[in-house]
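Some notes on the structure that comes next.
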Protein chains: 2
Amino acid sequence: MKQKISDKVAERLQEMLKNQTWTAGDKLPPERDLAKQLGVSRPSLREALQKLVCAGLLTTRHGGGTFVQEKNQVNFIDPLLNMFQEQTEAKFDVLEVRHALEGTAAYYAALRHTEVDRQRIQHCFDYMIEMHGSPNPLDEAKADAQFHLAISEAAYNPVLQHIMKNLFSLLENSITHNLDKLYTLPKVFEPLSHQHERMMNKVLERDADGARRAAQEHLVFVGESLQQIERAESRKLHAVRSLPTL
Amino acid sequence: MKQKISDKVAERLQEMLKNQTWTAGDKLPPERDLAKQLGVSRPSLREALQKLVCAGLLTTRHGGGTFVQEKNQVNFIDPLLNMFQEQTEAKFDVLEVRHALEGTAAYYAALRHTEVDRQRIQHCFDYMIEMHGSPNPLDEAKADAQFHLAISEAAYNPVLQHIMKNLFSLLENSITHNLDKLYTLPKVFEPLSHQHERMMNKVLERDADGARRAAQEHLVFVGESLQQIERAESRKLHAVRSLPTL
DNA sequence: AGACTTAATTGGTATTACCAATAGGTGAGA
DNA sequence: TCTCACCTATTGGTAATACCAATTAAGTCT
């Protein structure tokens with residue numbers, strides 16, 4: 001199969017990014033120059049650029065220029081994951097995956113974390129406590145996500161870290177309204193906070209197996225709480241739905 | 001932040017795909033018509049289409065038309081995962097993640113698999129045995145991947161399934177040469193095959209915990225074998241490199 | 001009726017022009 | 001001299017148009 005030239009251009013650009021021709025934050029040459037330099041028309045170049053933008057490797061600012069995206073702030077969401085977020089069961093699916101991943105994340109974080117990670121984890125924990133009761137429940141949910149990401153970051157496994165990031169950004173997008181419901185339940189914050197603390201301590205004590213257990217117990221609790229909420233919601237719905245039949 | 005119009009068009013198209021305006025395999029209207037219909041210029045429409053193509057939702061055939069991609073044959077690889085495959089440690093990172101995911105995949109597969117899944121899993125297992133000693137070692141690696149995917153499919157968790165698919169396509173792309181080395185080692189095929197069989201049996205017996213254990217033991221073995229190969233390789237490299245210093 | 005040819009359809013690329021947002025420089029005013 | 005506003009050049013975004021290339025399908029010839 002012959003390749004489209006916009007694809008070839010995209011590959012060449014990706015090569016140049018890998019070869020550090022430009023590094024994070026750098027400004028690329030203007031489209032007109034770059035197109036001439038690569039020997040293609042501007043629309044073709046633009047299609048190639050669009051792909052890389054869509055892949056989260058570049059960003060463009062109208063009138064400003066085209067820049068290499070910092071690797072950290074990956075705002076890219078796997079488009080397929082995107083389609084899951086409608087189905088109501090998705091949050092339980094995500095929870096099952098997290099159950100699997102966070103256990104090992106905590107395990108390896110306990111083994112591999114450095115002093116810097118230790119400080120970041122503690123800071124995230126404190127911030128999470130601080131955010132409790134914030135007027136915007138979303139803040140608390142984000143702080144929670146940051147805490148979990150800080151731990152998985154300390155596992156020093158880029159593949160795992162990347163998947164976790166995508167999972168959380170998936171959650172943030174549309175399912176958060178269920179999470180903040182979770183936080184507002186009076187009987188839930190206490191055990192949640194306690195579980196977080198236990199998880200953090202096990203990691204920092206380098207007790208790998210204990211950390212894994214703590215993470216898994218935490219997610220079991222979250223899952224059960226979510227199911228309770230779900231059941232309550234469905235009871236409400238059924239009540240409403242059954243009215244017209246009377 | 002104001003949105004680019006190509007982004008808005010991409011969103012509208014995505015909406016239409018969700019709303020089943022066109023379903024899998026359908027042919028979209030020609031670009032010229034579609035552009036007029038949406039009230040944008042053809043280049044703008046094309047940029048939007050490119051994004052969806054890049055996301056794996058559409059395919060284009062030069063002179064033929066633009067078609068809605070079948071959901072199954074998602075040839076899409078997370079571009080960031082793509083960047084990992086160069087680093088030599090990546091395979092161990094992937095292995096750690098698989099260790100986490102395949103355990104729970106086997107666990108839930110044991111609980112949720114249907115008769116259809118049972119047949120598919122057995123078929124994949126038989127095919128994998130059949131492929132052993134194939135002239136092209138890649139075939140055997142692919143059969144292995146199919147077997148594992150069949151199990152994770154039986155877990156009926158789309159999020160998990162999607163991640164597993166991406167991980168395996170990542171492996172297939174560039175790290176396969178390590179996997180087939182694994183298969184060609186004489187002392188390895190026997191235990192590997194035995195582990196696969198045990199894993200399958202535990203799943204089909206609906207022994208969830210046993211299935212999880214079997215999956216994890218399998219991956220521990222794979223990891224150790226890979227490390228042995230790695231060490232052997234590095235010894236070779238060192239031997240070669242040290243020659244010039246003599 | 002079948003195979004080949006040809007023309008219409010349709011995606012891919014290039015050229016050009018113009019719009020819109022940003023950035024940087026320049027001049028006026030404090 | 002410093003600061004702020006304004007203006008202009010740079011640069012990404014959009015549009016219109018023409019032409020190329022691959023495919024498809026209709027039409028024609030054998």
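Quick note on labels: first sequence line is chain A, next is B, and so on, each numbered from 1. Values in this document were obtained by computation on a predicted structure and should not be read as measured data.
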Separation of atom NZ in A:K36 from atom C1' in C:dT16, rounded to whole Å: 13 Å
Please report the C-alpha distance between B:H218 and B:H148 in whole Å, then the side-chain angles of each, then the deciding distance to 0.1 Å, and finally whether the ring pair (Phe, Tyr, Trp, His ring centres under 6.0 Å) criterion is met. CA-CA 11 Å; B:H218 169 58; B:H148 285 281; 5.2 Å; yes
When the distance from CG of A:L38 to C1' of C:dT13 is rounded to whole Å, what number comes out? 15 Å
Can you check nucleotides 9-12 of chain D for protein contacts, nitrogen or oxygen pairs under 3.5 Å, and list what you find?
| unit_1 | atom_1 | unit_2 | atom_2 | d |
| --- | --- | --- | --- | --- |
| D:dG12 | OP2 | A:E31 | N | 2.7 |
| D:dG12 | O4' | A:G63 | N | 3.4 |
| D:dG12 | N7 | A:R32 | NH1 | 3.0 |
| D:dG12 | O6 | A:R32 | NH2 | 2.9 |
| D:dG12 | N2 | A:H62 | NE2 | 2.9 |
| D:dG12 | N3 | A:H62 | NE2 | 3.2 |

side-chain contact (heavy atoms from CB on, under 4.5 Å) partner of B:S152, the single match among B:M164, B:E102, B:H162: B:M164
From NZ of B:K8 across to P of D:dG13 the rounded distance in Å is 14 Å
Please report, rounded to the nearest Å, how far the P atom of D:dG13 is from the CG atom of A:L58. 11 Å
Kindly write out the residues that satisfy side chain to side chain contact (heavy atoms under 4.5 Å, CB included) with B:E153, not counting sequence neighbours, or none if the list is empty. B:R120, B:Q161
Tightest non-hydrogen contact, residues B:D93 and A:P158, listed as OD2-CD, 3.3 Å
For B:D117 and B:Y156, which I'm curious about, is there any donor-acceptor pair between the side chains at under 3.5 Å? yes
Got a list of side-chain donor-acceptor pairs under 3.5 Å for residues 123-130 of chain A, not counting sequence neighbours?
none

A:L49 CG - D:dG13 P separation (whole Å): 9 Å
